[in-house]
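Here the structure is a predicted model, which means the values were calculated and not measured. Side-chain atoms are counted along with the backbone in the values below, which use heavy atoms only and exclude waters and symmetry mates.
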Amino acid sequence: RRNAESIRRNEEAILRQTKALEQIRDHYFPKRTFWSQLCGAFLKAVGAVTVAAGILEAADWYLNTRQTNTMAEQCAGVAERLFTKENDAAGALKFLEKAVELDSGTLEYRIQLECVKALAAIGDLFDLGRPLTADERRRVDGILTEAVFLQEAKPDDAMPHVLASQAYGLRGEKEAARNELNRALALEPGNARVQISACSLNYDAGDIATARRHLAEAERLDPESPLVLYWKSFL
């Protein structure tokens, strides 16, 4: 009898524990009714559509960005040809401004734009044929500061050094002008415009033989360059 009574009490305790566990289960993990299953399926479908829409939006953004970047790259390419092949700084600036407008995040287009703008300004000052005024000298000083910034922004580009060389030339600092041009030649000896700059600098220094040597190299690199044709007319 004692064993039977003990077993009965244990069974009642087990039943109470089981019932309590079932209540806990039903509270935290309610049975999935038809409506709960339908709602769950609906939420999953909405989530899938949202993910798909996000993917499509991202793809559309990528394609539009790629197309815009390609157009910017083409504008920069046209600008490069206008400046180097036709010596058309004004036309090059228009295309570079468009490239920056289309892709403002690419630093190279901004550097190219500022460099062409400064080189065009320097060219205008060289063409004056007279000593610079105080305001013009301050303008040259600003261009030289810009050239130093461009050198730091793109250290492997020769054109900022050409720009600095020309600015020093306008300031009458011949040694500094030659040093900058030598740096440009070391960076890009295969750049016809750099060779023409060396031709000009040596011509101004009275070294005609060296000027002709640089002109011959520029002609070999770009025989149709307007600058080459210009210098060939009197060298």
Between side-chain atoms of residues 228-235 and protein atoms elsewhere (two or more places apart, or another chain), which donor-acceptor pairs fall under 3.5 Å?
{"from": "Lys232", "atom 1": "NZ", "to": "Glu219", "atom 2": "OE2", "distance (Å)": "2.7"}
{"from": "Ser233", "atom 1": "OG", "to": "Tyr230", "atom 2": "O", "distance (Å)": "2.4"}

Run the salt bridge (charged side-chain N to carboxylate O under 4.0 Å, His left out) test against [X] and tell me which residues pass, sequence neighbours left out.
| X | result |
| --- | --- |
| Asp207 | none |
| Glu136 | Arg130 |
| Arg137 | none |

(request) Could you tell me whether Glu180 and Arg183 make a salt bridge, using a distance below 4.0 angstrom between a side-chain N and a carboxylate O? (result) yes

(message) Salt bridge or not between Lys94 and Glu97? Use side-chain N to carboxylate O under 4.0 Å.
(response) no

What's the spacing between [X] [atom1] and [Y] [atom2] if we round to 0.5 Å?
| X | Y | atom1 | atom2 | value |
| --- | --- | --- | --- | --- |
| Gln166 | His161 | CD | NE2 | 13.5 Å |
| Asn191 | Leu221 | CG | CG | 8.0 Å |
| Leu170 | Arg139 | CG | CZ | 10.5 Å |
| Ile143 | Leu163 | CD1 | CG | 7.0 Å |
| Leu150 | Thr145 | CG | OG1 | 11.0 Å |
| Arg212 | Cys199 | CZ | SG | 10.0 Å |

(message) Please check this pair: side chain of Ser197 against backbone of Arg193, looking for a donor-acceptor N/O pair closer than 3.5 Å.
(response) yes

(message) Donor-acceptor pair, distance only, cut-off 3.5 Å: does the side chain of Gln195 make one with the backbone of Leu215?
(response) no

(message) Hydrophobic clustering (ILVMFWY, side-chain heavy atoms < 4.5 Å, transitive) - are Val148 and Val194 grouped together?
(response) no

(request) Could you state whether Tyr203 and Ile196 fall into the same hydrophobic cluster, counting links through intermediate Ile, Leu, Val, Met, Phe, Trp or Tyr residues with side-chain heavy atoms under 4.5 angstrom apart? (result) yes

(request) Please lay out, stage by stage, how Arg220 and Glu217 fare under the test salt bridge (Lys or Arg N to Asp or Glu O under 4.0 Å). (result) CA-CA 5 Å; Arg220 185 188 69 79; Glu217 181 62 14; 2.6 Å; yes

(message) Which Ile, Leu, Val, Met, Phe, Trp or Tyr residues join Leu144 in one cluster when any pair of side-chain heavy atoms under 4.5 Å counts as a link?
(response) Tyr168

Compare every heavy atom of [Y] with every heavy atom of [X], then report the nearest pair and how far apart it is.
| X | Y | result |
| --- | --- | --- |
| Ala164 | Gln151 | CB-NE2, 3.5 Å |
| Ala218 | Ala192 | CB-O, 3.8 Å |
| Ala147 | Pro160 | CB-O, 3.7 Å |

(request) Could you tell me whether the side chain of Leu201 reaches within less than 4.5 Å of the side chain of Ser165, counting heavy atoms only? (result) yes

(message) Contact between His214 and Asn202 at the side-chain level, heavy atoms closer than 4.5 Å - yes or no?
(response) yes

(request) Go through the steps for Lys98 and Glu101 under the test side chain to side chain contact (heavy atoms under 4.5 Å, CB included), then give the verdict. (result) CA-CA 5 Å; Lys98 188 63 178 177; Glu101 178 186 339; 3.6 Å; yes

(request) Only counting residues at least two apart or in another chain, list the ones meeting side-chain hydrogen bond (donor to acceptor under 3.5 Å, both in side chains) with Arg171. (result) Asp141, Glu173

